Amino acid sequence: MRKIHMVDLISQYQKIKPEIDKAVLDTIMSSAYINGPEVKSFQAELEKYLNCKHVIPCANGTDALQIAMMALNLQPGDEVITASFTYVATAEVIALLKLKPVLVEVIPGTFTIDPAAIEKAITPKTKAIVPVHLFGQCADMESIMQIAKKHNLYVIEDTAQAIGADYIFSDGRKQKAGTIGTIGCTSFFPSKNLGCMGDGGAIFTNDDTLAQKLRMVANHGQSVQYVHDEIGVNSRLDSLQAAILRIKLRHLDEYAAARQKAAAYYDKAFGGNVKIKVPERDAKSTHVFHQYTLVLNGVNRDELRQHLASKEIPAMIYYPIPLHMQKAYKDDRYKEGAFPITEKLCASVISLPMHTELDEEQLEYITRSVLDFCK
Ligand SMILES: *Cc1c(COP(=O)(O)O)cnc(C)c1O
């Protein structure tokens, strides 16, 4: 059996090696390392794939979120609502810009932000909502957009884990994750569903004026070369990464299908076991399975992880400590117990190997090893 990894980037690369190697070498020979034609082509191809008017490439997903908040002119003290169960980057940029992060609970089955909790958290100071499409499935965007409209709020989608997912509105209309809100932000970190071989990120919007502003903020606040209208940042996707991403974008749907196939195998194997809850699907969103995350019930997680490790099966905890219990984000508003769902998830979730290269033999071995322990 092939060695099992959380994410198997080497096996994935082997299958497209000639294309990737050529693109990398051609880019090196072009010497257009920054903002070269590869970046422009990737931008155009991603716009087409997402059916989105503007893609603004940048250096990473965290920058994408920061640039989005800067371009919306959010001011110190403005409140930004986001999920309590997420990766730190989302809350980090809010705090970094001296905005006030307002955390709200998630829906336990889908792990995504709870629209009812958003509505309760709105105050006159609320300016934006940042839903996170966690583990590859969209948050309830239809409800979130209705709330945003009613209260005149911006929506910044954190789609770092769900690029390529389709959101299906009740009237049947389909839109790609990240293109529904005011702005969408994504990451091309290697392990993400569309990953490069270094750091990368992008910002999406359908608003022409906002697109111009986002480009300006990402480029030193510069409107014309050496003319700086405001304070910006320096955040670029380099040409080598763009060249790699152009090739991988062509495989993105096939990669999602491979992840979904592995998820279906896991679902079938674990279905009916009362100690293991498989991830729920929201009918309004396809699930592109950035992670396959179980919720354990009456199973010692550390021991399960050790059991799997002894069989050379990696497993990860995304995320072990809720934001409001992190030292850097301690806040008098949120004591232990403030977010019982998030706290319970942090204590009971476990993510199994999930990537595009899992074969049946590996899946059989992983599921059998989990089930042996969770009898
Ligand atoms: C990965 C990730 C980010 C940050 O992306 P980087 O490219 O690592 O900066 C932000 N939000 C979520 C939900 C992520 O998973």
Side-chain angles (χ1 to χ4, degrees), residues 6-7 9 42 46 55-70 80-97 99 101 103-104 106-107 110-113 128-139 141 144 155-165 177-178 181 183-204 218 233-238 240-242 244-245 248 259 279 285 287-293 316-323 326 328-329 342 345-346 349 351 354-355:
M6 259 331 262
V7 182
L9 296 173
F42 171 62
L46 189 56
V55 165
I56 296 107
C58 66
N60 58 68
T62 311
D63 273 9
L65 289 161
Q66 179 176 336
I67 293 161
M69 288 178 207
M70 288 172 75
V80 179
I81 298 177
T82 194
S84 50
F85 186 58
T86 182
Y87 181 57
V88 68
T90 328
E92 184 175 49
V93 298
I94 299 173
L96 201 65
L97 295 173
L99 312 172
L103 303 179
V104 301
V106 295
I107 300 165
T110 57
F111 312 117
T112 53
I113 194 164
I129 307 168
V130 187
V132 183
H133 304 321
L134 205 70
F135 302 153
Q137 181 166 246
C138 295
M141 287 305 291
I144 292 167
V155 176
I156 303 167
E157 291 174 75
D158 181 344
T159 189
Q161 301 189 1
I163 194 161
I183 299 179
C185 297
T186 204
S187 163
F188 304 122
F189 186 81
S191 66
K192 301 281 157 104
N193 290 38
L194 178 60
C196 57
M197 295 180 175
D199 272 309
I203 311 162
F204 319 142
V233 297
N234 172 25
S235 188
R236 298 184 284 238
L237 177 72
D238 68 70
L240 278 171
Q241 300 309 334
I244 292 164
L245 286 165
K248 292 185 76 176
R259 289 169 178 274
S285 166
H287 199 318
V288 292
F289 288 98
H290 176 60
Q291 297 298 340
Y292 186 90
T293 303
M316 295 290 286
I317 313 301
Y318 301 118
Y319 296 92
I321 306 170
L323 282 178
Q326 297 280 3
Y329 295 91
T342 295
L345 287 174
C346 288
V349 288
S351 298
M354 173 50 77
H355 53 80

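Start at 1 with the first residue, then count along the sequence. Small disclaimer: the values here were computed from a predicted structure and weren't measured. Note that ligands are numbered from 1 as they come in the structure, with each ligand's atoms numbered from 1 the same way.
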J.: Ser187 to ligand 1: N or O pair under 3.5 Å?
T.: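 Yes - when backbone and side-chain N and O of Ser187 are compared with those of ligand 1, one distance drops under 3.5 Å.
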
J.: Please indicate whether any nitrogen or oxygen in Thr62 is less than 3.5 Å from any nitrogen or oxygen in ligand 1.
T.: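 Yes; at least one N/O pair falls below 3.5 Å.
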
J.: Under 3.5 Å, N or O to N or O, is Tyr319 touching ligand 1 that way?
T.: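 No - when backbone and side-chain N and O of Tyr319 are compared with those of ligand 1, no distance drops under 3.5 Å.
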
J.: Thr82 and side-chain contact (heavy atoms from CB on, under 4.5 Å): which partner among Val104, Val130, Ile156?
T.: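 Result: among Val104, Val130, Ile156, Val130 is the only option passing the side-chain contact (heavy atoms from CB on, under 4.5 Å) with Thr82.
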
J.: Is a side-chain donor or acceptor of Ser285 paired with a backbone partner of Cys138 at a separation under 3.5 angstrom?
T.: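 The answer is yes, because a donor-acceptor pair under 3.5 Å joins these two groups.
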
J.: Of the side chain and backbone of Asn60, name the one, both, or neither that has a heavy atom under 4.0 Å from an atom of ligand 1.
T.: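 Under 4.0 Å from ligand 1, Asn60 contributes backbone and side-chain atoms.
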
J.: Is the ring pair Phe188/Phe42 parallel, tilted or perpendicular, if the boundaries are 30 and 60 degrees?
T.: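 Geometry flag for Phe42 against Phe188: perpendicular rings.
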
J.: Counting the benzene-type ring for Trp, do Tyr318 and Phe111 have ring centres under 6.0 Å apart?
T.: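 No - the distance between ring centres of Tyr318 and Phe111 does not fall below the 6.0 Å cut-off.
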
J.: May I ask you to identify the nearest protein heavy atom to atom 15 (O) of ligand 1, giving residue, atom name and distance to one decimal place in Å?
T.: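 Checking every protein heavy atom, the shortest distance to atom 15 (O) of ligand 1 gives Gln161 NE2, 2.8 Å.
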
J.: Which ligand 1 atoms, with their elements, are less than 4.0 angstrom from a heavy-atom of Asp158?
T.: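 Close to Asp158: 10 (C), 11 (N), 12 (C), 13 (C).
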
J.: Would you call Lys192 a ligand 1 contact, heavy-atom distance under 4.0 Å?
T.: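 Heavy atoms of Lys192 do come under 4.0 Å of ligand 1.
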
J.: How about Thr159 and Thr186: does a side-chain donor come under 3.5 Å of a side-chain acceptor?
T.: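 Looking only at side-chain atoms, Thr186 and Thr159 do not form any donor-acceptor pair under 3.5 Å.
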
J.: Between Val132 and ligand 1, find which residue part has any heavy-atom pair under 4.0 Å and reply side chain, backbone, both or neither.
T.: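 It is the side chain that touches ligand 1; the backbone stays farther off.
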
J.: Can you tell me if Glu157 and His133 form a side-chain donor-acceptor pair at under 3.5 Å?
T.: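 Per modelled atom types, Glu157 and His133 side chains form a pair under 3.5 Å.
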
